[in-house]
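Note that the structure is predicted; figures quoted are calculated from it, not measured.
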Amino acid sequence: CRTLVVGGEKLRPELVRYWKTRCPEGNIFNEYGPTEATVGCCVGEASLAGNGSDTAVTIGTATPNAVLHLVGERQETAEHAGELLIGGKCLARGYLVAPAATAEKFVPSPGTFGERLYCSGDWVERTAELQDYRFLGRRGRQCKVNGIRIEPEEVERILRRVAGVMAAFVLSIE
């Protein structure tokens, strides 16, 4: 194999090691991006290098049509780690027939009039050595099941509407 491009789910370190042993001369590229940002807004060669961490694989840097920002808990600019906000030409206009969800997730870009950023809900860190990003996990309780983003709070709300259900708590376990 010469080149392997991976996308869709979090690339696990053991998968990188597996393919590196079978294709030592090959390149593995990790492509990151939610549907709202045309799926591929960040790409780079998958690496376990940097700060000695074997827990997260790099997702690369912004593609030419994307702009990436990191913000902290209070939406302040973060230098090294935070929620990934995505802007640029790759960005969707919003959600069809869902103006409230669009307003919540697609926020005005500070300093750039008329442009918006998508609040991905993904926590990433910027690597010091390579100036690329490493995926750390999801913000809040949102999770993915078979590639589909699930909001546990929405499932709980629906479950509580069922006759005889007094309380509900949804938990995703890998």
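- The same ILVMFWY cluster, assembled from side-chain heavy atoms under 4.5 Å apart, contains both W19 and V16.
- The two residues R126 and E79 come nearest to each other via the heavy atoms NE-O, 3.4 Å.
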- Worked verdict on F106 versus L91 for side-chain contact (heavy atoms from CB on, under 4.5 Å): CA-CA 9 Å; F106 291 83; L91 200 60; 3.9 Å; yes
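- Residues N30 and T58 fail the side-chain proximity criterion, which asks for heavy atoms closer than 4.5 Å.
- For E83 (side chain) and V71 (main-chain N/O), no donor-acceptor pair under 3.5 Å exists by modelled atom type.
- Rounded to the nearest 0.5 angstrom, L4 CG and L11 CG are separated by 8.5 Å.
- In terms of the side-chain hydrogen bond (donor to acceptor under 3.5 Å, both in side chains) criterion, residue partners of E36 (sequence neighbours excluded) are, by chain and number, Y95, Y118, R149.
- The hydrophobic cluster containing I150 does not contain I173, counting ILVMFWY residues as joined when their side-chain heavy atoms lie under 4.5 angstrom apart, directly or transitively.
- At a threshold of 4.5 Å between non-hydrogen side-chain atoms, the residues L68 and C42 count as touching.
- Smallest separation of non-hydrogen atoms from V57 and P13: CG2-N, 3.7 Å.
- Residues V170 and I158 do not share a hydrophobic cluster, clusters being chains of Ile/Leu/Val/Met/Phe/Trp/Tyr side chains in contact below 4.5 Å.
- Closest heavy-atom contact between E45 and N27: OE2-OD1, 3.1 Å.
- I86 and F135 fall within a single hydrophobic cluster, where Ile, Leu, Val, Met, Phe, Trp and Tyr side chains are chained together by heavy-atom contacts under 4.5 Å.
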- Evaluate the criterion side-chain contact (heavy atoms from CB on, under 4.5 Å) for residue pair Y32 and L84; output intermediate values, then yes/no. CA-CA 11 Å; Y32 162 88; L84 185 64; 3.4 Å; yes
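- Annotation: side chain of N65 is not in contact with side chain of T38 (no heavy-atom distance under 4.5 Å).
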